[in-house]
Amino acid sequence: MKLEGKVAVITGAGSGFGRQCSQLFSSEGANIAVVDIDSERAAGTVELVEQQGGKAIAITADVSVEQQVNSAVAAAVEHFGKLDIMFANAGVVSRGGVPSVAGGEEVEFQDLTDADWQHVLGVNLSGVVYAAKAAVPYLRDNGGGTILATSSAASLVAYHNIAMYSATKAGVNGLVRGLSLDLGKYGIRVNAICPTHGMSPNFLMPPGSPVVGQSYEQVAGPWDPSISPIPLKLNRPPSLLDNAKVALFLASDDSQYLSGLVLPSTDGGTLARVGMWFAE
Ligand code: ADP
């Protein structure tokens with residue numbers, strides 16, 4: 001067990017990647033505080049963790065509101081007695097970004113409002129700042145620990161229609177690098193994971209596919225590596241679990257000497273290529 005007896009707070013854990021990581025971390029022995037703005041989703045993740053014999057609590061909080069993040073982290077420590085892993089994962093795609101994820105709406109950059117910008121900035125970047133701030137005293141008092149943030153491949157290379165999202169995720173990378181210097185003295189490691197594929201199958205499919213919560217196969221049928229844009233040819237599509245396993249590595253003592261790292265997961269060589277969407 002890679003996380004035996006550890007306590008992890010995971011934000012945005014009510015669905016998708018955060019839920020998958022909650023289940024994987026729990027199966028490796030961690031107790032999970034499932035933080036999400038949506039209490040039903042959070043409760044759903046707790047149920048799944050409990051079904052597999054793990055321990056979890058649901059905490060409702062909006063990560064873009066500092067006081068709510070402070071209260072959430074305090075509640076997790078109150079319940080489980082300590083904090084080892086702060087996983088700032090909650091994120092939102094800017095409106096009009098990925099149509100099938102963001103509600104099918106296509107909006108051009110100049111038509112996005114300041115409220116749109118403040119929302120994506122507040123959740124994706126302020127949410128990580130607040131999570132790290134809230135966690136440091138507990139991690140320090142615990143003799144060290146790990147802060148992990150969900151960044152994105154979109155922080156490293158450009159994707160159409162999500163410039164605001166990309167900017168916030170690039171901010172997360174800068175934060176992680178800076179904090180790795182500042183918090184090293186407390187034995188606190190700070191890293192970011194950049195999921196590239198497998199978060200949502202639509203990144204490998206025609207725009208507009210209604211894919212949220214569905215596997216690649218459910219939406220697109222059998223996987224054909226020969227037409228995949230990923231240079232690494234495997235006989236299955238990349239998945240949430242592939243990404244979660246990299247998060248597990250960064251959260252566990254297997255990466256005990258890693259800090260300040262911005263690590264792509266599931267890129268399969270995609271990011272090594274100039275013009276990532278073009279066939280070679
Ligand atoms: P992904 O799988 O790409 O992380 P999802 O949309 O499935 O994307 O998951 C994001 C989670 O983050 C959702 O459960 C959502 O409710 C949660 N979330 C969104 N905004 C906030 C917020 N402001 N505070 C806390 N959780 C949030």
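On a predicted model such as this, the values are computed, not experimentally measured, just so you know. Both counts, for ligands and for their atoms, begin at 1 and track the order of listing.
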Item to check | Atoms in ligand 1 flagged as close to Val92, the criterion being non-hydrogen separation under 4.0 Å | outcome: 19 (C), 20 (N)

Checklist entry - If you measure only the distance, is there a donor-acceptor pair under 3.5 Å linking the side chains of Asn124 and Thr168? => result yes

Checklist entry - Would Asn89 and Thr11 count as having a side-chain donor-acceptor pair, cut-off 3.5 Å? => result no

Checklist outcome for this item: Note: Val63, heavy atoms under 4.0 Å from ligand 1, region reported as both

Checklist entry - Do Asn191 and Leu148 have side chains that get closer than 4.5 Å, going by heavy atoms? => result yes

Next on the checklist: Counting only nitrogen or oxygen atoms and a 3.5 angstrom limit, does Asp62 reach ligand 1?
Outcome noted: yes

Checklist entry - Relative to ligand 1, is Ala61 under 4.0 angstrom through side chain, backbone, both or neither, heavy atoms considered? => result backbone

Next on the checklist: Please classify the Thr11 to ligand 1 contact at 4.0 Å (heavy-atom distances, strictly less than): side chain, backbone, both or neither.
Outcome noted: neither

Next on the checklist: I'd like to know if the side chain of Asp253 reaches the main chain of Gln256, judged simply by a donor and an acceptor atom lying under 3.5 Å from each other, with no hydrogens or angles considered.
Outcome noted: no

Next on the checklist: If you measure every N or O of Ser64 against every N or O of ligand 1, does any of those distances drop under 3.5 Å?
Outcome noted: no

Checklist entry - For Ser265 and Asn243, does a side-chain donor sit closer than 3.5 Å to a side-chain acceptor? => result yes

Next on the checklist: If you take the nearest heavy atom of each of Gly44, Gly16, Ser15, which one is closest to atom 6 (O) of ligand 1?
Outcome noted: Ser15

